[in-house]
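Data first, discussion second: the structure below is written as C-alpha cells.
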Amino acid sequence: MNRIAVIGAGTMGRSIGYTAAIHGFTVRIYDVHEAALTRAKSANVELAEKSATREFITDEQKVYVEKNIVYEPNLERAVKEADIVIEAVLEEMELKVNVFKELDELTDEQTILATNTSTLSPTEIGAATTRSDRVVAMHFFNPVHRMKLIEIVRGLDTSDETVERVQKLGRQLGKETVEVREFPGFVTSRMNCLIGNEAMNMYMEGVASAEDIDKAIKLGLNHPMVHWSLLTSLGWIVVFAT
Ligand code: NAD
C-alpha cells in the first residue's frame, strides 16, 4: 500500500495523515469543511518543523510532510486512487454509514475501507458497503505520531487478508497492533470508561480532590494522557449542564 486517503481533517485525521507522510506514504486528506483542511495543513507543517528542529524526524521527513500530503476539498479526487481509505469523521454511526456508502461508490473495489472509530461496530459500518470483507476498524490513538498502538477490530465479514494487510500497514507506520473481537469500546475505550467512572466515584465519595485524583492517575499509574481524567470529565458535565 502506497496511497492513503484520510476522511476528516480533525484531531485524528490530520495526525494519521502526518504519521503516514513521515513514513513515506502519499496522503490525501479530505474534509467537508475547507477551514478544517487549512487548520490541518498549518498544524502538520508546524509540527514537522518543531519535530525536525528537535531531531525527532529527519529533514527529509519534514519535506515529506510539506510535499506528500494533499489537502483535498473534493472527495472523489481524494479517494480515487487510494489503496486504503481511513475514515476519521465524528463518532456518529449515521454519519459514518453515509460516508462509507459514498466511499463504496467512489473507490476501486479492491480498496480497503478502514474506520478510526473508538467504539462503534465495524460490522454495522461495513454492512453499508458492497465489500464488507474489506472493511475493518483501525483504532489509532492521539497523538498518532507518538502513540505506539493501533487496535485492529474485525467485523463479522472482514477477511483474513484485510486484517493481514492493515497489520502490515501498522508495522510500516511504526506501530504495534492488537487484534480485538468486536465489542463496544474494544479494549482501550472500554477500559478508559472504567477508569473515568471510578475517578468520578472516588471524587463523589470524597476520597481525594479532583486535582489529586488526576495527579495520582497520571504519575502513580503512569497514564500521561489526561483526556479521560476526572478534571476533563467534570468539565464535560459543566458543558452539558449549561
Ligand atoms: P474531530 O472533531 O477533531 O474531527 C472530525 C472531522 O470530521 C472534522 O474536521 C469535521 O469537519 C469532519 N467531518 C465531519 N463530517 C464529515 C464528512 N461527512 N466528511 C468528511 N469530513 C467530515 O474528531 P476526532 O477527535 O478527530 O475524532 C474522529 C474519529 O476518531 C472519531 O470516530 C473518534 O471517536 C475517533 N478517535 C478519536 C480520538 C481522540 O483522541 N480524539 C482517538 C481515537 C479515535
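Whatever order the structure lists ligands and atoms in, that order sets their numbers, starting from 1.
- With hydrogens and angles disregarded, no donor-acceptor distance shorter than 3.5 Å links the side chain of Ser189 to the backbone of Phe186.
- Surrounding CE of Met191 are at most 12 heavy atoms belonging to other residues, nucleotides or ligands under 6.0 Å away.
- The shell of residues lying under 4.0 angstrom from ligand 1, judged by heavy atoms, includes Tyr30.
- Each of the atoms 18 (N) of ligand 1 lies under 4.0 Å from some heavy atom of Val99.
- In this structure Phe100 satisfies the ring pair (Phe, Tyr, Trp, His ring centres under 6.0 Å) test with no other residue, sequence neighbours excluded.
- When only interatomic distances are considered, the shortest N/O to N/O separation between Asn116 and ligand 1 falls below 3.5 Å.
- Here the side chain of Asn44 pairs a donor or acceptor atom with the backbone of Arg14 at under 3.5 angstrom.
- Among the atoms of Asp31, some N or O lies under 3.5 angstrom from an N or O of ligand 1.
- Each of the atoms 2 (O), 5 (C) of ligand 1 lies under 4.0 Å from some heavy atom of Leu90.
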Donor-acceptor contacts, no H, no angles, side chain residues 175-183, under 3.5 Å, sequence neighbours left out:
{"from": "Lys175", "atom 1": "NZ", "to": "Val144", "atom 2": "O", "distance (Å)": "2.5"}
{"from": "Lys175", "atom 1": "NZ", "to": "Met147", "atom 2": "O", "distance (Å)": "2.8"}
{"from": "Glu179", "atom 1": "OE2", "to": "Arg154", "atom 2": "NE", "distance (Å)": "3.0"}
{"from": "Glu179", "atom 1": "OE2", "to": "Arg154", "atom 2": "NH2", "distance (Å)": "3.3"}
{"from": "Glu182", "atom 1": "OE1", "to": "Ser121", "atom 2": "OG", "distance (Å)": "3.4"}
{"from": "Glu182", "atom 1": "OE1", "to": "Thr123", "atom 2": "OG1", "distance (Å)": "2.9"}
{"from": "Glu182", "atom 1": "OE2", "to": "Ser121", "atom 2": "OG", "distance (Å)": "3.3"}
{"from": "Glu182", "atom 1": "OE2", "to": "Thr123", "atom 2": "N", "distance (Å)": "2.9"}
{"from": "Glu182", "atom 1": "OE2", "to": "Thr123", "atom 2": "OG1", "distance (Å)": "2.9"}

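- Checking side-chain atoms of Asp31 against main-chain N and O of Leu37 turns up no donor-acceptor pair under 3.5 Å.
- Ion pair Glu164/Lys168 not flagged as a salt bridge, since none of the NZ, NE, NH1 or NH2 atoms sits closer than 4.0 Å to an Asp/Glu carboxylate oxygen.
- Panel note: side chain Gln61, backbone Ile22; a donor-acceptor pair is recorded below 3.5 Å.
- Here the shortest heavy-atom distance to atom 7 (O) of ligand 1, taken over Val89, Thr188, Leu75, belongs to Val89.
- Below 4.0 Å from some heavy atom of Asn142 lie the following atoms of ligand 1, by number and element: 40 (O).
- Proximity of Ala36 to ligand 1, defined as any heavy-atom pair under 4.0 Å, is confined to the side chain (atoms from C-beta onward).
- Close contacts of ligand 1 with Phe140, meaning ligand atoms under 4.0 Å from a residue heavy atom, involve 42 (C), 43 (C), 44 (C).
- For ligand 1, one of its N or O atoms has an N or O atom of Thr11 under 3.5 Å away.
- Close contacts of ligand 1 with Gly8, meaning ligand atoms under 4.0 Å from a residue heavy atom, involve 7 (O), 21 (N).
- Assignment of Glu87 to the shell around ligand 1 is not supported, since no heavy atom sits closer than 4.0 Å.
- Distances from atom 4 (O) of ligand 1 to the heavy atoms of Ala137, Gly13, Gly10 put Gly10 nearest.
- With ligand atoms numbered from 1 in the order given, ligand 1 contributes 43 (C), 44 (C) to contacts under 4.0 Å with heavy atoms of His139.
- Interface atoms of ligand 1 facing Glu91, defined by a heavy-atom separation under 4.0 Å, are 31 (C), 32 (O), 33 (C), 34 (O).
- Atoms of ligand 1 lying under 4.0 Å from at least one heavy atom of Lys96, given by number and element, are 31 (C), 32 (O).
- Around atom CD of Gln172, more than 12 heavy atoms belonging to other residues, nucleotides or ligands sit under 6.0 Å away.
- Using modelled atom types, no side-chain atom of Thr26 and backbone atom of Arg3 make a donor-acceptor pair closer than 3.5 Å.
- Under 3.5 Å, the side chains of Arg131 and Thr107 contain a donor-acceptor pair of N or O atoms.
- Counting heavy atoms closer than 4.0 Å to ligand 1, residue Leu95 contributes side-chain atoms (C-beta onward) but none from N, CA, C or O.
- Nearest to atom 38 (C) of ligand 1 by heavy-atom distance, out of Arg39, Met12, Arg14, is Met12.
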